[in-house]
Amino acid sequence: MKVTVHRKAHFNAAHRLYRKDWDFEKNDEIFGKCNNPNFHGHNYELIASVTGEIDPETGYVIDVKILKDIIKSEVEDAFDHKNLNIEVPEFENLNPTAENIAVVIYNKVKAKLDPKFDLEITLYETPRNFVTYSGS
Ligand code: NI
């Protein structure tokens, strides 16, 4: 019997979408306002979803405190109030789109979780735009 436990979190971060190997016109054509050289911010909403068997002894799939602490150290402390392009090493050569941010978050959280769990990351960049990634 597999159950999924979800934990929500939040961070604010700035980014600019562009490729260093393209000129401004090409970046402007592809990324539009997101290519603003002065950066812009988003209120990101994260949902980390952990799927596993219920432990018959505790009744938990995972103690939510463990998940909360992993999200704090791996996501909130690393990304909150940061400029993703400049201050977060994972994006030094990776465009910080919602898609890529979700993959980076997945990899960081997965590395700290017991391997017996399946993980899915849902990342809202705006209330209407969101992406999901579950490792495939
Ligand atoms: Ni943006």
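Bear in mind that the values here come from a model prediction, so they are computed numbers and not experimental data. As the structure lists them, so they are numbered: ligands from 1, and atoms in each ligand from 1.
- Taking the side chain as every heavy atom from C-beta outward, Phe79 and Leu46 never approach each other to under 4.5 Å.
- Protein N/O/S atoms closer than 2.8 Å to the Ni ion (ligand 1): His15 NE2, His40 NE2, His42 NE2.
- Under the side chain to side chain contact (heavy atoms under 4.5 Å, CB included) rule, Asn95 has a single partner from Ile101, Leu84, Asn100, which is Asn100.
- With sequence neighbours excluded, the residues satisfying side-chain contact (heavy atoms from CB on, under 4.5 Å) with Asn36 are Asn38.
- Of the candidates Ile62, Val109, Asp118, Ile62 is the only one forming a side chain to side chain contact (heavy atoms under 4.5 Å, CB included) with Val50.
- The stretch residues 48-64 participates, sequence neighbours left out, in these side-chain hydrogen bond (donor to acceptor under 3.5 Å, both in side chains) pairs: Thr4-Thr51, His6-Ser49.
- Residues meeting the side-chain contact (heavy atoms from CB on, under 4.5 Å) test with Asn107, sequence neighbours left out: Val103.
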